[in-house]
Amino acid sequence: SPELALRSAVVPLLVALDATRAEAVRRGVTDPELPVVRITLGAIMDQGDRMRGIGADPALRDAITTMMRLAESTSVDDRLRATAVLALSALGGDVVRDWLLSHLVRRTRVLNRLALHEPGTLAVASLHALRRDWRGDAVVRPALELAQREARDARWLTLAVDRAPDDRA
């Protein structure tokens, strides 16, 4: 439809502008049309460092929750789920960091040690996002060190996303 085409064309422009960024992200990720959601997630990733810290904005709480649900949803394809994870990470904020960690590592029952989750879409995308955006964070460091030692399965290396992210690894 012409309206869908218009929304798809305008979202990246609005995400790029400081004055409209938060509102464009909020509206784009909650759009009822998946193509607009995909474009919004791609626009977030395209902005890279300009997006850092926006995840702490209280006005985006619902949008971040929507992105988390999308990433966790099994009713959408894995590329969209992985793209949602990387876009979330680009936004920053402790809530996002902790969510990413929860999908990469867990605590064992007996010795309460860190252990990697199985290398599914969420775990693999979370690892890539944490390596890209959170490498210097003291809270993230033990999980990344664990992954460095133990992520030998080839599935940890494969990440399909809708847009190739700027991998700063």
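Only heavy atoms go into these numbers, but all of them, side chains included; no hydrogens, no water, no symmetry mates.
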Examine R52 relative to W134 and say whether NZ or CZ is less than 6.0 Å from the centre of the six-membered ring and inside a 45° cone about the ring axis.
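Yes, a cation-pi geometry.
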From [atom1] ([X]) to [atom2] ([Y]), nearest 0.5 Å:
X    : Y    : atom1 : atom2 : answer
I39  : E33  : CD1   : CD    : 11.0 Å
H117 : L104 : NE2   : CG    : 7.5 Å
L70  : L34  : CG    : CG    : 7.0 Å
R27  : T20  : CZ    : OG1   : 11.0 Å
S126 : L86  : OG    : CG    : 8.5 Å
D78  : L122 : CG    : CG    : 9.0 Å

Salt bridge present between R26 and D62 (N-O < 4.0 angstrom):
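Looking at D62 together with R26, the answer is no, because their closest N to O distance does not fall below 4.0 Å.
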Is R97 salt-bridged to D133, cutoff N-O under 4.0 Å?
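Looking at R97 and D133, the cut-off is not met.
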Side-chain H-bond candidate by donor/acceptor type, W156 with E150, under 3.5 Å
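Judged by distance alone, the side chains do not pair up.
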Is there a donor-acceptor pair under 3.5 Å between the side chain of [X] and the backbone N or O of [Y]?
X    : Y    : answer
S89  : V85  : no
R141 : G136 : yes
R106 : A115 : no
H103 : L127 : no
S73  : R69  : no
R113 : T108 : no
R135 : R131 : yes

Would you mind reporting whether [Y] and [X] have side-chain heavy atoms less than 4.5 Å apart?
X    : Y    : result
L60  : V25  : yes
L13  : L17  : no
L80  : L41  : yes
D46  : P12  : no
M67  : L91  : yes
M68  : I64  : yes
R38  : P35  : no
L130 : L101 : yes

Count the heavy atoms of every other residue, nucleotide or ligand shown that sit under 6.0 Å from CZ of R109, and state whether that count exceeds 12.
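At most 12 heavy atoms, drawn from other residues, nucleotides or ligands, come within 6.0 Å of this atom.
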Closest contact, heavy atoms only, A22 versus D57
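Taking A22 first and D57 second, the nearest heavy atoms are CB-OD2, 4.0 Å.
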Quick check: closest heavy atoms across L114 and A143, and the distance to 0.1 Å?
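Shortest heavy-atom separation between L114 and A143 comes out as CD1-N, 4.2 Å.
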Step by step, would you call H128 with V124 a side-chain contact (heavy atoms from CB on, under 4.5 Å)?
CA-CA 6 Å; H128 284 262; V124 172; 3.7 Å; yes
Passes side-chain contact (heavy atoms from CB on, under 4.5 Å), E23 versus L14? Steps please.
CA-CA 8 Å; E23 182 65 15; L14 295 176; over 6 Å; no
